[in-house]
Amino acid sequence: APTAEQIARGRTRTGNGGGSTRRNVQVAAPSSQFRTYDAGNALRVSVPSNWRPMEGNSTVTYAPEGAYYEDSGQTAFTHGLEVGITQGTGDLERDTNQLLRSFERSNQDLRVAGNTRRENIGGQNGLTTPLRNTSDITGEPEYVALSTTQIGDGNVLWLIGVAPQADASTYENVFRKVRQNVRIGR
């Protein structure tokens with residue numbers, strides 16, 4: 001598994017599409033029906049049926065049509081969820097903080113917006129940290145939620161959900177359902 005630093009350098013950005021042009025984004029609301037995808041490494045992810053997977057170097061992003069952008073080799077999404085695995089130390093709090101610092105270094109507007117809470121992620125103990133960001137795609141505030149849990153090989157599974165701040169409550173409910181229903185090693 002890549003390190004948190006390697007992920008941050010090569011990951012899909014939540015707010016920087018590589019250009020300075022602001023876009024008006026039109027995205028359908030998350031479907032109430034869910035579809036399950038195999039994300040590799042014995043990982044199954046259920047997301048709204050109107051979200052599609054886009055594979056990156058070491059991540060998979062699930063986003064609705066109109067929410068994913070590619071520009072000059074950079075990718076970004078305004079609505080959806082990204083899933084990845086990073087090397088762990090066996091200390092989930094330390095690993096989560098290291099991942100947060102790496103993401104903050106690669107996205108200078110990203111900030112912690114509340115207390116980290118313990119949460120069920122795929123039937124395992126996990127952590128979720130609420131974040132805020134300003135989208136370089138839309139120029140609008142974003143709600144971001146980073147969730148982590150340890151997986152059997154000592155590595156850390158992470159999920160990062162992104163949505164416009166104005167839609168945070170709707171999307172947090174969707175992100176929570178995805179986190180609770182992810183299947184690890186089954």
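None of the values given here were measured: they were computed from a predicted structure.
Contact check on Arg111 versus Glu142 returns no salt bridge, with no Lys/Arg side-chain nitrogen under 4.0 Å from an Asp/Glu carboxylate oxygen. Using a 4.0 Å cut-off between charged nitrogen and carboxylate oxygen, Lys177 and Glu172 do not count as a salt-bridge pair.
Both Val112 and Phe103 sit in one connected hydrophobic cluster of ILVMFWY residues. Membership requires side-chain heavy atoms under 4.5 Å apart, directly or through other members. One hydrophobic cluster, built from ILVMFWY side chains closer than 4.5 Å, cannot hold both Val83 and Val156; they sit in different ones. Leu127 and Leu157 fall into different hydrophobic clusters, where Ile, Leu, Val, Met, Phe, Trp and Tyr are joined by side-chain heavy atoms under 4.5 Å apart, directly or via other members. Tyr143 and Tyr62 end up in the same hydrophobic cluster when Ile, Leu, Val, Met, Phe, Trp and Tyr side chains are linked at under 4.5 Å. The hydrophobic cluster containing Val27 also contains Val178, counting ILVMFWY residues as joined when their side-chain heavy atoms lie under 4.5 angstrom apart, directly or transitively.
The CG atom of Leu100 lies 6.5 Å from the OG1 atom of Thr116; values are rounded to the nearest 0.5 Å. Between atom CG of residue Asn24 and atom CD of residue Glu140 there is a gap of 9.0 Å, rounded to the nearest 0.5 Å. Rounding to the nearest 0.5 Å places CD of Gln165 at 12.5 Å from OG of Ser135. With rounding to the nearest 0.5 Å, the separation of OG1 in Thr149 from CZ in Arg118 is 10.5 Å. Note: Asn115 CG to Thr128 OG1 = 12.5 Å, rounded to the nearest 0.5 Å. Here Met54 contributes atom CE and Glu82 contributes atom CD; the two are 9.5 Å apart, rounded to the nearest 0.5 Å.
Under the 4.5 Å side-chain criterion, counting only non-hydrogen atoms from C-beta, Leu43 is in contact with Val182. You'll find the side chain of Phe175 stays beyond 4.5 Å of the side chain of Gln180, heavy atoms only. The closest side-chain heavy-atom distance from Pro141 to Arg132 is not below 4.5 Å. Residues Thr59 and Ile85 fail the side-chain proximity criterion, which asks for heavy atoms closer than 4.5 Å. Between Thr138 and Thr78 there is a side-chain heavy-atom pair separated by less than 4.5 Å.
Although no hydrogens or angles enter the test, the distance criterion places no donor-acceptor pair under 3.5 Å between the side chain of Asp167 and the main chain of Thr170. A donor-acceptor contact shorter than 3.5 Å links the side chain of Asn97 to the backbone of Glu93. At distances below 3.5 Å, not a single donor-acceptor pair connects side-chain atoms of Asn125 with backbone N or O atoms of Asn120. Using modelled atom types, no side-chain atom of Asp95 and backbone atom of Gly88 make a donor-acceptor pair closer than 3.5 Å. Of the possible donor and acceptor atoms, none in the side chain of Asn181 sits under 3.5 Å from a partner among the backbone N and O of Ser46.
The shortest non-hydrogen separation linking Ile121 to Gly126 is CD1-CA, 3.8 Å. The two atoms that bring Ala145 and Arg179 nearest to each other are CB-NH1, 4.1 Å, heavy atoms only. Scanning all heavy atoms of the two residues, the minimum distance from Pro53 to Val60 falls at CB-CG1, 3.9 Å. Scanning both residues, Val174 and Pro48, for their nearest heavy atoms gives CG1-CG, 3.6 Å. Here the shortest heavy-atom pairing between Val25 and Gly66 reads CG1-O, 3.5 Å. Pairing each heavy atom of Gln124 with each of Ile184, the nearest pair is NE2-CD1, 3.7 Å.
More than 12 heavy atoms of other residues, nucleotides or ligands shown are found within 6.0 angstrom of CG on Asn173. Within a 6.0 Å radius of CD in Glu65, no more than 12 heavy atoms belonging to other residues, nucleotides or ligands are found.
A donor-acceptor contact closer than 3.5 angstrom links the side chains of Thr96 and Thr148.
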**Message:** Could you go through Leu99 and Trp158, starting from their C-alpha distance and side-chain angles, then the distance that decides it, and tell me whether this counts as side chain to side chain contact (heavy atoms under 4.5 Å, CB included)?
**Reply:** CA-CA 9 Å; Leu99 193 58; Trp158 55 267; 3.6 Å; yes

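Ring centers of Trp51 and Phe34: at least 6.0 Å apart, outside the cut-off. Separation of the Tyr69 and Phe77 ring centroids does not fall under the 6.0 Å cut-off.
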